[in-house]
A.B. asks: 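First the structure, then my questions, so here it is.
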Amino acid sequence: ADHGADRNTKSTLESSPYALSKRMAEEAAWKFMEENKPSFVLSVNNPSMIIGPVMSDDTSVVNTSSTMLLAYLKGDHPRIKSAYMSYVDVRDVALAHVLAMHHEPASEIASRFICTMGPPLTDQELVATAHESFPQFALPTEVVDQPLPLRAVFDNQRIRDVLKVNFIDFKTSVRDSIASYIDKGLVSLPPA
């Protein structure tokens, strides 16, 4: 069976090694299933950019997605990047994994799930949402002057139908992300 017709095939060690590692891990898992025919099924949960509350105050272990929002909050990006991104809350990713482990019949989950809360949003929407929740931060307002890349849209209907995941909305996820960054000391809330 082709478990990855829509899989990223352009990443290399030189360009996007992290994405390459994710693809190679999934390929190895499917190969194991085909060669060993174990008594269990494989369900692959493919999340988009993961945001939401962090558990650590160590910036070296904060996930890549969180570092992007943190960079805007810290003023590391004086202008808003021209990009689209799909997001999912870390709590929904964890829930989807647990639901898949306990789902019956198992045959319904022997495949890939796209774990994303909705259509891609621009970085401008990310920054505006952050500003709405925490207006104390001096967030950029100017967007980098370059055309937006193509907007890839992912269908999350299968994970909603099979696993019954009701995704946390973007505004809540961004607000809770920033609140956790402040709580963990990753960023300081400027005075009002």
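Keep in mind it's a predicted model, so treat the numbers as computed, not measured.
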A.B. asks: Is the count of non-hydrogen atoms from other residues, nucleotides or ligands lying under 6.0 Å from Gln124 atom CD greater than 12?
C.D. replies: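 Check fails, neighbour count at 12 or below.
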A.B. asks: Determine the sole option in Leu73, Ile182, Ile178 for which the side chain to side chain contact (heavy atoms under 4.5 Å, CB included) test with Leu189 is passed.
C.D. replies: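 Going through the options one by one, the only one that passes is Ile182.
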A.B. asks: With sequence neighbours excluded, what pairs up with Glu35 under the salt bridge (Lys or Arg N to Asp or Glu O under 4.0 Å) test?
C.D. replies: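 Glu35 satisfies salt bridge (Lys or Arg N to Asp or Glu O under 4.0 Å) with Lys31 only.
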A.B. asks: Minimum heavy-atom separation for Gly52 and Ser180, please, with both atom names.
C.D. replies: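 Heavy atoms only, the tightest pair is O-OG, 4.2 Å.
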A.B. asks: Quick check for you: to the nearest 0.5 Å, what is the distance between Ser56 atom OG and Lys184 atom NZ?
C.D. replies: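 Going from the OG atom of Ser56 to the NZ atom of Lys184 covers 7.5 Å.
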A.B. asks: So, do Val165 and Cys115 sit near enough that their side-chain heavy atoms are less than 4.5 Å apart?
C.D. replies: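 Not in contact.
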A.B. asks: Looking at CE of Met49 and CG of Leu69, how far apart are the two atoms once the value is rounded to the nearest 0.5 Å?
C.D. replies: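 So the gap between those two atoms works out to 10.0 Å.
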A.B. asks: Apply salt bridge (Lys or Arg N to Asp or Glu O under 4.0 Å) to Glu14 and list each qualifying residue two or more places apart in sequence or on a separate chain.
C.D. replies: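 Counting only residues at least two positions away or on another chain, Glu14 forms no salt bridge (Lys or Arg N to Asp or Glu O under 4.0 Å).
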A.B. asks: Could you give the distance from OG (Ser177) to CG (Leu186), rounded to the nearest 0.5 Å?
C.D. replies: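 So the OG of Ser177 and the CG of Leu186 are separated by 11.0 Å.
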A.B. asks: Find out whether Tyr181 and Lys74 are in side-chain contact, i.e. whether some heavy atom of one side chain is under 4.5 Å from a heavy atom of the other.
C.D. replies: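 They are not in contact (no side-chain heavy atoms under 4.5 Å apart), so the answer is no.
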A.B. asks: Just verifying a value: how many Å separate Gln136 CD and His131 NE2, rounded to the nearest 0.5 Å?
C.D. replies: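 Here the rounded value is 9.5 Å.
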A.B. asks: Are the side chains of Val174 and Leu126 in contact, using a 4.5 Å heavy-atom criterion?
C.D. replies: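 They are in contact (side-chain heavy atoms under 4.5 Å apart), so the answer is yes.
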A.B. asks: Does a side-chain heavy-atom distance below 4.5 Å link Val162 with His103?
C.D. replies: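 Yes. Closest side-chain heavy atoms under 4.5 Å.
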A.B. asks: Ignoring hydrogens and geometry, is there a side-chain-to-backbone donor-acceptor pair from Asn156 to Thr116 under 3.5 Å?
C.D. replies: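 Answer holds: yes.
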A.B. asks: What pair of heavy atoms forms the shortest contact from Glu26 to Asn46, and how long is it?
C.D. replies: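 Nearest heavy atoms, Glu26 then Asn46: OE1-ND2, 3.4 Å.
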A.B. asks: Quick check: closest heavy atoms across Ile159 and Ala96, and the distance to 0.1 Å?
C.D. replies: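 That closest heavy-atom pairing would be CD1-CB, 3.9 Å.
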A.B. asks: Which pair of heavy atoms, one from Val41 and one from Ala110, lies closest together, and at what distance?
C.D. replies: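 Val41 and Ala110 have their closest heavy atoms at CB-CB, 3.8 Å.
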A.B. asks: Given the rule in the side chain to side chain contact (heavy atoms under 4.5 Å, CB included) test, do Phe134 and Leu139 qualify, once you have shown the distances and angles that lead to the verdict?
C.D. replies: CA-CA 10 Å; Phe134 290 91; Leu139 295 165; over 6 Å; no
A.B. asks: Are Pro53 and Val90 packed together at the side-chain level, in the sense that at least one heavy-atom pair is separated by less than 4.5 angstrom?
C.D. replies: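 Heavy-atom side-chain distance check passes, below 4.5 Å.
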A.B. asks: For Thr172, which residues count as a side chain to side chain contact (heavy atoms under 4.5 Å, CB included) partner, sequence neighbours excluded?
C.D. replies: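 For Thr172 the side chain to side chain contact (heavy atoms under 4.5 Å, CB included) partners, ignoring immediate neighbours, are Ile168, Asp169, Arg175, Asp176.
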A.B. asks: Is there a path of hydrophobic side-chain contacts, each under 4.5 Å between heavy atoms of I/L/V/M/F/W/Y residues, joining Val93 to Met101?
C.D. replies: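 No, Met101 does not connect to Val93 through the hydrophobic network.
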A.B. asks: For Lys164, enumerate each residue passing the salt bridge (Lys or Arg N to Asp or Glu O under 4.0 Å) test, keeping only those at least two apart in sequence or located in another chain.
C.D. replies: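 None.
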A.B. asks: With sequence neighbours excluded, tell me which residues meet ring pair (Phe, Tyr, Trp, His ring centres under 6.0 Å) with Tyr87.
C.D. replies: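 With neighbours one apart ignored, the set is Phe170.
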A.B. asks: Would Tyr72 and Val144 show up in the same hydrophobic cluster when neighbours are defined by side-chain heavy atoms closer than 4.5 Å?
C.D. replies: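 Cluster IDs for Tyr72 and Val144 differ.
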A.B. asks: Hey, are the side chains of Pro38 and Phe32 touching, using non-hydrogen atoms and a 4.5 Å cut-off?
C.D. replies: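 In short, these two side chains touch, coming nearer than 4.5 Å.
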A.B. asks: Is the NZ or CZ atom of Arg160 both under 6.0 Å from the centre of the six-membered ring of Phe167 and within 45° of that ring's axis?
C.D. replies: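 Not satisfied by the 6.0 Å and 45° rule.
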A.B. asks: Can you confirm whether Ser86 sits close enough to Pro120 that some side-chain heavy atom of one is under 4.5 Å from a side-chain heavy atom of the other?
C.D. replies: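 Yes, close enough: below the 4.5 Å cut-off.
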A.B. asks: Only counting residues at least two apart or in another chain, list the ones meeting salt bridge (Lys or Arg N to Asp or Glu O under 4.0 Å) with Glu132.
C.D. replies: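 Applying salt bridge (Lys or Arg N to Asp or Glu O under 4.0 Å) to Glu132 gives Lys171.
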A.B. asks: Quick one: pull up CG in Leu20 and CZ in Arg23 and give me the separation to the nearest 0.5 Å.
C.D. replies: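 Between Leu20 CG and Arg23 CZ, I get 5.0 Å after rounding to 0.5 Å.
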A.B. asks: Do Asp123 and Ser82 come close enough that some side-chain heavy atom pair is under 4.5 Å?
C.D. replies: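 Not in contact.
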